[in-house]
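My questions will all concern the structure given below.
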Amino acid sequence: MLLPQSLETPEAPLNPLNQLSFEQNYRNICNLLLSLTHTRSLPKGLQLHAHIIKSGIQTIPLISHHLINFYSKTQLPLFSRQVFFEAPHKSPTTWSSVISSFAQNEFPSLAIQFFRTMLVNNIRPDDHIYPSATKSCAILGRSDIGQSIHCLVLKTGYDRDVFVASSLVDMYGKCGKIKDARNLFDEMPQRNVVSWSGMIYGYAQLGEFEEALTLFKQALYERLDVNDFTFSSVVQVCANSTLLQLGKQIHGLCFKTNYDMSSFVGSSLISLYSKCGVIGGSYRVFDEACVKNLGMWNAMLIACAQHSQTEKVFDLFKQMEGLGIKPNFITFLCVLYACSHAGLVEKGKHYFELMKEYGIEPGDQHYASLVDLFGRAGKLQEALSIIREMPIQPTESVWGAFLTGCRLHGNTELAAYAADRIFELGPVSSGLHVLLSNAYAAAGRYEDAAKARKMLRDRGIKKETGLSWVEEGNKVHTFAAGDRSNAKAKEIYRKLEELGDEMERAGYIADTSFVLREVNGEEKNQTIRYHSERLAVAFGLITFPSDRPIRVMKNLRICGDCHTAIKFMSKCTGRVIIVRDNNRFHHFEDGKCSCGDYW
């Protein structure tokens with residue numbers, strides 16, 4: 001029997017089986033199957049599989065192994081399972097192949113299930129099987145199962161194997177068990193890029209950025225050949241720490257090693273420049289990428305949304321559709337965020353409904369975005385209706401979005417109703433308690449505000465201190481409200497005094513309603529004048545050259561009066577001031593803000 005025409009070549013057509021020796025035919029099929037696996041040629045691979053079945057050689061373990069691997073590489077793990085079930089003899093290699101297929105294609109539960117079945121069948125795991133099993137534990141976040149596998153590794157003597165040990169380090173790091181990861185990492189006689197990357201990622205994921213950067217420097221010092229995953233993790237550290245200068249240096253290193261072409265690194269670089277207030281850098285990385293995966297598109301979408309470039313978000317979404325790139329649940333979160341922060345209620349409703357056309361069922365985060373959209377637009381009753389009609393139980397993030405809307409529009413009655421529902425959820429984050437407290441305080445209900453704060457204290461939770469920071473060279477200057485610890489404190493306060501007079505002449509009037517403590521008018525004026533973001537802006541004014549934008553990062557939402565004040569600062573000084581709060585970027589220039597006073 002001849003192979004299908006598409007698998008023949010004019011120079012050397014494949015001959016019928018009876019004209020070839022069994023060994024020659026077997027080798028030809030193995031080589032062809034390996035070639036098709038390498039090129040991910042699914043149609044031809046399916047034809048070859050049919051020929052293998054007709055030839056009766058699918059019972060050979062190595063053929064089964066190659067077929068399982070082929071379907072794994074073409075992202076059809078359930079086909080791999082079918083080949084596995086049809087194999088009459090299942091060697092350790094066959095088990096390894098099918099478990100790897102599940103682990104590599106986001107079927108971690110099946111990988112663990114088959115790993116257990118393999119042990120029941122008295123098949124001993126090896127250095128190929130263990131990493132697949134630990135990878136599956138990492139995807140599931142099941143460090144408990146990972147610890148059981150670690151015990152088995154010790155019993156079977158694979159704890160000294162660099163690949164197995166590295167996979168365990170990676171698993172512990174991704175599951176947040178950083179101490180277990182570090183202990184194992186320190187005990188390893190030999191480390192590879194997986195173990196180093198696993199540790200760096202683990203520290204970065206937990207917000208221990210200094211440790212992550214220290215390890216990265218050590219890896220470079222030891223001349224380790226780091227990979228795109230390592231670079232991606234370190235660039236994310238710089239992005240989350242808003243370390244622009246260091247991030248640029250690492251970008252340069254990525255460029256030298258050609259890892260800037262990686263989609264993983266590209267996504268992290270887009271995030272770096274966006275989070276550091278340099279949206280132009282994000283555009284350059286995105287435009288220069290030869291291959292853009294969905295992660296890069298999503299990174300660019302959220303970058304544009306956070307920088308108030310809403311129309312660009314819609315344009316990028318249309319480009320994705322035109323290129324046949326299917327959006328995922330993160331894509332829609334980015335678009336809904338853009339609609340919410342631009343007040344585009346009808347657009348937001350359109351994209352929310354569009355999710356279903358793509359077969360994506362809205363989750364709690366999507367509903368939170370929809371509630372936020374209506375809440376910010378002042379449509380609080382509609383937002384409440386959405387919550388009541390949700391097909392899933394409203395979560396903390398959903399009620400938090402509703403409370404934000406209530407605070408923005410001063411509706412303490414609905415805020416109190418929401419608070420009652422929140423307390424029914426059980427323990428919640430400090431952020432929700434603070435939202436409720438602030439809503440009461442803004443309405444002058446200071447006793448209720450005090451009660452809300454007392455609940456925080458009773459639970460041993462402290463409100464997050466408002467901080468702003470500015471990067472100068474390789475140093476970060478951090479400020480709190482009324483802070484005088486900076487070496488340039490006298491100059492900073494002098495600058496604010498000078499600016500205050502000039503701003504008042506330009507029409508600025510302080511809005512002390514944003515001071516939520518029960519104090520007299522003069523004290524409120526003094527309190528609001530020295531908020532952390534103003535100190536940071538003043539530092540930038542006296543430190544950076546006039547043609548350089550002042551970039552200020554802030555961990556909490558910018559207050560309304562500071563937002564107004566910085567608009568006047570930009571007008572009076574002629575400077576471009578960029579402030580990132582915990583929600584978005586505000587580009588202040590010539591007395592205007594990119595958010596259009598809607599945030």
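Side-chain atoms are counted along with the backbone in the values below, which use heavy atoms only and exclude waters and symmetry mates.
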Original post:
What pairs meet the salt bridge (charged side-chain N to carboxylate O under 4.0 Å, His left out) rule with one or both residues in residues 485-495, with sequence neighbours excluded?
Top reply: none

Subject >> Considering all heavy atoms, the nearest Ile250-Cys238 contact >> reply: CD1-SG, 3.7 Å

Distance-only donor-acceptor hits, side chain of residues 311-322, under 3.5 Å, sequence neighbours excluded:
residue, atom, partner, partner atom, Å
Asp315, OD2, Gln319, NE2, 3.1
Glu321, OE2, Tyr358, OH, 2.8

Original post:
Counting only heavy atoms not in Lys567, do more than 12 sit closer than 6.0 Å to its NZ atom?
Top reply: yes

Original post:
Which residues pass the side-chain contact (heavy atoms from CB on, under 4.5 Å) test with Ala489, sequence neighbours left out?
Top reply: Arg484

Subject >> Exam field: side chain Gln205 to backbone Gly173, donor-acceptor pair closer than 3.5 Å >> reply: yes

Subject >> Short side-chain to backbone donor-acceptor contact, His366 and Phe329, under 3.5 Å >> reply: yes

Original post:
Is there a side-chain contact between Val234 and Leu213, using heavy atoms and a 4.5 Å cut-off?
Top reply: yes

**OP:** Consider only side-chain N and O atoms of Asn227 and Thr230, and report whether a donor and an acceptor are under 3.5 Å apart.
**Re:** yes

Original post:
With sequence neighbours left out, which residue pairs that include part of residues 186-198 fulfil the salt bridge (charged side-chain N to carboxylate O under 4.0 Å, His left out) condition?
Top reply: Arg182-Asp186

Subject >> By side-chain contact (heavy atoms from CB on, under 4.5 Å) - contacts of Phe264 (at least two apart) >> reply: Asp228, Ser232, Ser262

**OP:** Output, in order, the C-alpha distance, side-chain angles, deciding distance and verdict of side chain to side chain contact (heavy atoms under 4.5 Å, CB included) for Gln306 and Tyr337.
**Re:** CA-CA 8 Å; Gln306 288 181 330; Tyr337 175 95; 3.8 Å; yes

Subject >> Of all pairs that satisfy salt bridge (charged side-chain N to carboxylate O under 4.0 Å, His left out), the ones with a partner from residues 246-266, not counting sequence neighbours >> reply: none

Subject >> Side chain proximity check, Val537 to Leu499, heavy atoms < 4.5 angstrom >> reply: no

**OP:** Output yes when a side-chain donor or acceptor of Ser197 lies under 3.5 Å from a complementary backbone atom of Val194, and no otherwise.
**Re:** no

Original post:
Closest heavy-atom contact between Val193 and Val226?
Top reply: CG2-CA, 3.8 Å

Subject >> Shortest non-hydrogen contact from Asn192 toward Leu224 >> reply: C-CD1, 4.2 Å

Original post:
Should Asp483 and Tyr530 be marked as a side chain to side chain contact (heavy atoms under 4.5 Å, CB included) after you check the CA-CA gap, both sets of side-chain angles, and the distance that decides it?
Top reply: CA-CA 8 Å; Asp483 192 353; Tyr530 303 124; over 6 Å; no

Original post:
Atom CE in Met553, atom NZ in Lys275: separation rounded to 0.5 Å?
Top reply: 11.5 Å

Original post:
Distance from Leu535 atom CG to Leu496 atom CG, nearest 0.5 Å?
Top reply: 6.0 Å

**OP:** Verify, without hydrogens or angle tests, whether Glu533 (side chain) and Val552 (backbone) share a donor-acceptor contact under 3.5 angstrom.
**Re:** no

Original post:
For the atom pair OG1 (Thr242) and CD (Glu471), what is the distance rounded to the nearest 0.5 Å?
Top reply: 6.5 Å

Subject >> Parallel, tilted or perpendicular: ring planes of His587 versus Phe585, cut at 30 and 60 degrees >> reply: tilted

Original post:
So, are Arg142 and Asp144 salt-bridged, with charged N and O less than 4.0 Å apart?
Top reply: yes

Subject >> Closest heavy-atom pair and its distance - Ala111, Ala103 >> reply: CB-N, 4.1 Å

Original post:
Once you round to the nearest 0.5 Å, how far does CG of Leu336 lie from SG of Cys334?
Top reply: 9.5 Å

Subject >> Validation row: Val285, Leu272 side chains within 4.5 angstrom (heavy atoms) >> reply: no

Original post:
Taking C-beta and beyond as the side chain, do Ile302 and Ser274 meet within less than 4.5 Å on heavy atoms?
Top reply: no

**OP:** Output, in order, the C-alpha distance, side-chain angles, deciding distance and verdict of side chain to side chain donor-acceptor pair (under 3.5 Å) for Asp561 and Tyr508.
**Re:** CA-CA 10 Å; Asp561 185 70; Tyr508 166 70; 2.7 Å; yes

**OP:** Can you label the angle between the Phe102 ring and the Phe107 ring as parallel, tilted or perpendicular, going by 30° and 60°?
**Re:** tilted

Original post:
Side chain of Asp170, backbone of Ser166: donor and acceptor closer than 3.5 Å?
Top reply: no

Subject >> Under the side-chain hydrogen bond (donor to acceptor under 3.5 Å, both in side chains) test, residues paired with Asp127 that sit two or more places apart >> reply: none

Original post:
Roughly how far apart are Asp597 CG and Lys592 NZ, rounded to 0.5 Å?
Top reply: 11.0 Å

**OP:** Determine whether the aromatic ring centres of Phe402 and Phe374 lie less than 6.0 Å apart.
**Re:** no

Original post:
Tell me, do Phe588 and Met569 make a side-chain contact under 4.5 Å, heavy atoms counted?
Top reply: no

Original post:
Any side-chain heavy atom of Asn555 sitting closer than 4.5 Å to one from Trp469?
Top reply: yes

**OP:** Would you confirm whether Ser271, through its side chain, and Ser267, through its main-chain N or O, come within 3.5 Å as a donor-acceptor pair?
**Re:** no

Original post:
Taking all atoms of both residues into account, what is the closest heavy-atom pair of Ala506 and Phe568, and its distance?
Top reply: O-CE2, 3.4 Å

Subject >> Those residues that, when tested against Tyr259, pass ring-ring contact (aromatic ring centres under 6.0 Å, His included) (two or more places apart) >> reply: Phe231

Original post:
Which atom names give the shortest non-hydrogen contact between Ile145 and Cys137, and what distance separates them?
Top reply: CG2-SG, 3.7 Å

Using atom types as modelled, flag every donor-acceptor pair under 3.5 Å from a side chain in residues 287-301 to any protein atom, sequence neighbours excluded.
residue, atom, partner, partner atom, Å
Lys292, NZ, Phe286, O, 3.4
Lys292, NZ, Ala289, O, 3.3
Asn293, OD1, Gly295, N, 3.2
Asn293, OD1, Met296, N, 3.0
Asn298, OD1, Thr331, OG1, 2.7
Asn298, ND2, Asn328, OD1, 3.2

**OP:** Using a 4.5 Å cut-off on heavy atoms from C-beta on, say whether the side chain of Ser468 contacts that of Lys554.
**Re:** yes

Subject >> ring-ring contact (aromatic ring centres under 6.0 Å, His included) partners for His150, two or more places apart >> reply: Tyr172

Original post:
Is Arg40 atom CZ crowded by more than 12 heavy atoms from other residues, nucleotides or ligands, each under 6.0 Å away?
Top reply: yes

Original post:
Would the number of heavy atoms belonging to other residues, nucleotides or ligands and lying under 6.0 Å from CD of Glu222 be above 12?
Top reply: yes

Original post:
Any side-chain heavy-atom pair from Tyr273 and Leu244 closer than 4.5 angstrom?
Top reply: yes

Subject >> Spacing of His531 atom NE2 and Cys559 atom SG [to the nearest 0.5 Å] >> reply: 5.0 Å

Subject >> Under the side-chain contact (heavy atoms from CB on, under 4.5 Å) test, residues paired with Ser100 that sit two or more places apart >> reply: Gln104, Ser132

Original post:
side-chain contact (heavy atoms from CB on, under 4.5 Å) with Arg376: which residues, sequence neighbours excluded?
Top reply: Ser340, His341, Asp372, Thr404, Leu408, Asn583, Tyr598

Subject >> More than 12 heavy atoms of other groups within 6.0 Å of Gln75 CD >> reply: no

Subject >> Main-chain N/O of Ser546 paired with Arg575 side-chain donor or acceptor, under 3.5 Å >> reply: yes

